[in-house]
Structures are given as C-alpha cells and as structure tokens.
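Comments concern the structure below.
For the numbers below, each heavy atom of this structure counts, side chains included, while hydrogens, waters and symmetry mates do not. Counting begins at 1 with the first residue of the sequence. One-based numbering, in listed order, for ligands and for the atoms of each. On a predicted model such as this, the values are computed, not experimentally measured, just so you know.
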Amino acid sequence: MTKVYDNVLDLIGNTPMVKLNRVTEDIPATVYAKLESYNPGHSTKDRIALHIIEAAERKGLLKPGSTIVETTSGNTGFSVAMVSIIKGYNCILAVSDKTKPEKIAYLKALGATVYVCPASVPADDPRSYYEVAKRVAAETPNSIYINQYFNELNIDAHYTTTGPEIWEQTEGKITHIFACCGTGGTLSGSAKFLKEQNPGIKVIGVDADGSILKTYHETGEIDPSEIHSYQIEGLGKNLIPGALLFGLVDEFVRVNDENSAYTTREVALKEAIMGGYTTGAVVQALKQYAEVNSFKPDDVVVLIFPDHGSRYITKVYNDGWMADQGFSRNCVHNYEEVFKTEIIK
Ligand code: PMP
C-alpha cells in the first residue's frame with residue numbers, strides 16, 4: 001500500500017534492519033545492520049534534532065522565527081538545518097575551519113547560517129566554536145542551543161525510538177548491540193531501553209584510536225597521552241560526553257583509521273551498502289570483538305550503521321585519499337586489487 005507523508009520529518013525513524021551475509025560470514029551469529037541512512041537527512045542525527053526541537057516547542061521555548069544553534073560540522077548540522085526548514089526556524093551552526101568546503105556548502109544549501117571558527121584555539125577561547133555557539137545562543141532572543149554532547153534528550157531520542165525499534169525488529173531476540181560513540185547518545189538511549197527488556201543484552205561501544213572513552217570506561221581516568229588526531233569523524237572524543245551512560249556499556253572496542261577505512265569499503269563491496277566511515281568502524285569492532293569472544297548460532301547481533309557513504313566520497317571511497325593516509329593494505333583484508341581503475345585509451 002502506498003502511503004504519503006505530510007513532510008520529510010514524518011520519515012524520521014523506523015529505519016530498516018538488514019542481515020549481513022558476507023562481511024561477517026566467519027561469525028556464527030545472525031548479524032543485522034540498522035540502516036540509519038534511511039532517515040531523510042541520511043543519518044541517525046535526524047532523531048535527536050527532531051526530539052530536542054519538539055521538546056523545546058512543548059516547553060514553549062520556540063515560536064515561528066526562533067533560532068536553533070549548534071556546534072557541529074557533521075550529521076547533526078544537516079539534521080538541525082532540515083528540521084529548522086520544515087518548522088520555520090532559523091538555524092545557526094558554528095563549525096571549525098577544518099570543515100571541508102563541500103560540507104559548509106551542504107549546510108548552507110539547507111538554509112543554515114554558518115560561522116567558521118578556528119580549530120587551533122582551546123575550547124574556552126572566545127573564538128572556539130563552542131564559545132561562539134554559546135554566545136550566539138545567549139545573545140539571540142528565542143533561541144535554543146542543542147548542545148548534543150551534554151543534552152540528556154539526545155539519549156531520550158534513542159530510548160524512545162531506536163531502542164524500541166530494535167527490540168521489535170528482532171522480536172526480542174537481540175543478544176548484542178554495537179554502536180559507535182561520539183556523544184554516546186545512540187548507544188546509551190538504545191541500550192537503556194534494551195537492557196530494561198533484557199538485562200542480559202551485551203552492550204558494546206566503539207571508540208577510536210586517539211580517543212579517551214575506552215580507557216575512561218575501564219579506569220575512570222582520562223589518559224591525556226592517548227589523545228591524538230585521527231580521521232574517523234563522529235567517533236570518539238577528547239572529553240567525557242554527558243550523553244554517554246558508561247554504566248550501561250559492557251565493553252568498549254577501539255578501532256583505528258586504517259582498518260575502519262578498509263572495512264567501510266569491504267561492506268560496500270560485499271553487502272552493497274554504501275556506509276559512512278563509522279559503518280566500517282562498527283563492523284571492524286565486531287570483527288575484533290569476535291577474535292576474543294565466541295558467538296553462538298542463536299546470537300542476534302545488531303550493528304548501528306549511522307550514516308550514508310555519499311558524505312565520504314572524497315575520503316574513504318577515494319583511492320588518492322587512502323594512499324595519502326599511507327593505508328598500504330597491511331591490515332586484515334586484501335582489497336588492493338579492486339581499488340585499481342582501468343583507464344581505456
Ligand atoms: N557516526 C557518525 C558518522 C556520527 O556523526 C556520529 C555522531 N557524532 C556517530 C557515529 C556517533 O553517534 P552518537 O553521537 O550518538 O554517539
């Protein structure tokens with residue numbers, strides 16, 4: 001039956017889940033990917049943008065022409081801009097000057113005002129994107145600041161949507177959930193709901209090499225020596241996000257840029273799913289987890305695939321970029337040959 005929708009916001013959530021058939025064939029469990037790229041803004045962040053903005057509306061904080069402010073160069077910016085258009089709000093995004101021009105163009109195409117701030121200054125410098133966003137929000141009447149890293153409505157968005165969807169789609173059979181942690185909202189909200197249904201479900205967070213989340217989970221300490229820059233966007237952090245409920249996470253797996261990049265491409269080649277860089281990261285984390293933990297045939301593993309590969313065409317799907325990173329295929333799979341292009345003259 002064909003169904004029509006009032007506007008794109010009605011398409012948020014209820015994303016499909018698809019079985020992975022080849023990329024995880026060595027793992028004796030059923031593995032499903034939840035495809036968050038099927039949201040209208042092509043990522044999981046649509047859920048939090050809508051949830052946080054509608055909560056502010058219910059509190060009477062927003063009226064037509066109000067302003068939504070956020071610090072982001074990534075998926076949250078696209079989602080906040082999209083929701084703002086449909087609901088008639090202004091959208092102001094503070095991004096770092098490391099943000100690629102095509103991303104800024106994308107945000108502007110969705111009507112956002114973009115402030116480009118220096119990445120090289122400390123977070124408490126008045127020019128940093130955190131401080132600029134705070135100042136803009138404070139100075140703009142009728143505005144709200146999404147503040148996704150420290151907003152518990154980020155968790156709540158996934159507690160009320162992603163978690164219940166996974167429970168229903170797996171008919172309550174889920175045994176493991178894996179999700180990349182940036183703010184931690186996706187994993188925390190989903191895990192909170194799922195553990196309430198079955199406390200035995202294993203919750204595995206994915207962290208980046210260069211980020212502090214895994215060690216903080218294990219020791220309660222931040223180890224500054226572990227912080228270094230890395231290429232995977234949206235995963236890991238150099239601060240402790242308030243939206244990450246560490247107590248719900250059983251284990252963190254840390255993945256690196258190179259393995260995650262090749263695995264992103266492996267998922268495209270073996271499953272025909274063009275995912276973002278963190279799609280590769282979450283599959284890579286499952287592979288690493290499976291090296292030290294055994295799965296049973298009736299285990300049901302759910303991986304969150306956060307966004308779409310179209311945003312990474314100049315990055316992990318670009319052979320030149322891969323070569324520039326020095327990714328020389330000395331890692332787990334040999335895909336060099338399929339990266340070659342035949343030029344017919
Ligand atoms: N992958 C991508 C591409 C993202 O943009 C994000 C959000 N930062 C995540 C994963 C992690 O999601 P969360 O913030 O809910 O932990």
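Under a 4.0 angstrom heavy-atom cut-off, G184 registers as being in contact with ligand 1. Ligand 1 lies nowhere less than 4.0 angstrom from a heavy atom belonging to G74. In this structure, K45 has a heavy atom closer than 4.0 Å to ligand 1.
Ring planes of Y312 and Y277: perpendicular class, angle over 60° (limits at 30 and 60°). Ring-plane geometry between F252 and H217 is classed as perpendicular, the angle between the planes exceeding 60 degrees on a 0 to 90 degree scale with a lower cut at 30. Taking the six-membered ring where tryptophan is involved, the planes of Y159 and F193 are perpendicular, since the angle between them exceeds 60° and thus also 30°. By the 30° and 60° cut-offs, the orientation of the rings of Y216 relative to F246 is perpendicular.
Under a hydrophobic clustering in which Ile, Leu, Val, Met, Phe, Trp and Tyr are joined whenever their side-chain heavy atoms come within less than 4.5 Å, directly or via other members, F327 and Y230 fall into the same cluster. Hydrophobic clustering (ILVMFWY, side-chain heavy atoms < 4.5 Å, transitive): I48 and M82 are in one cluster.
Listed by number with element, the atoms of ligand 1 under 4.0 Å from a non-hydrogen atom of N75 are 2 (C), 3 (C), 4 (C), 5 (O). Each of the following atoms of ligand 1 lies closer than 4.0 Å to a heavy atom of T186: 12 (O), 13 (P), 15 (O). Shown in contact with D307 at under 4.0 Å from a heavy atom are these atoms of ligand 1, numbered in order with element: 3 (C). Listed by atom number, the atoms of ligand 1 under 4.0 Å from T183 heavy atoms are 13 (P), 14 (O), 15 (O), 16 (O). Residue Y312 has at least one heavy-atom neighbour below 4.0 Å for each of these atoms of ligand 1: 3 (C). Less than 4.0 angstrom separates some heavy atom of G182 from each of these atoms of ligand 1: 11 (C), 13 (P), 14 (O), 16 (O). The contact set between ligand 1 and C181, taken as ligand atoms under 4.0 Å from a residue heavy atom, comprises 16 (O). Shown in contact with P306 at under 4.0 Å from a heavy atom are these atoms of ligand 1, numbered in order with element: 1 (N), 2 (C), 10 (C).
Each of K45, H42, R311 was scored for a side chain to side chain donor-acceptor pair (under 3.5 Å) with N75, with one residue passing: R311.
E70 places a side-chain N or O within 3.5 Å of a backbone atom of N147 that can act as its donor or acceptor partner.
Counting heavy atoms under 4.0 Å from ligand 1, residue Q148 does not touch it at all. If you look at T278 next to ligand 1, the close heavy atoms, those under 4.0 Å, all belong to the side chain. At a heavy-atom distance under 4.0 Å, no atom of F305 approaches ligand 1.
Side-chain contact between F295 and L286 is present, with at least one heavy-atom pair separated by less than 4.5 Å.
A cation-pi arrangement is not found for K34 relative to F305, the charged atom failing to lie both closer than 6.0 Å to the ring centre and inside a 45° cone about the ring normal.
Looking only at protein heavy atoms, the nearest one to atom 9 (C) of ligand 1 is G234 O, 3.2 Å.
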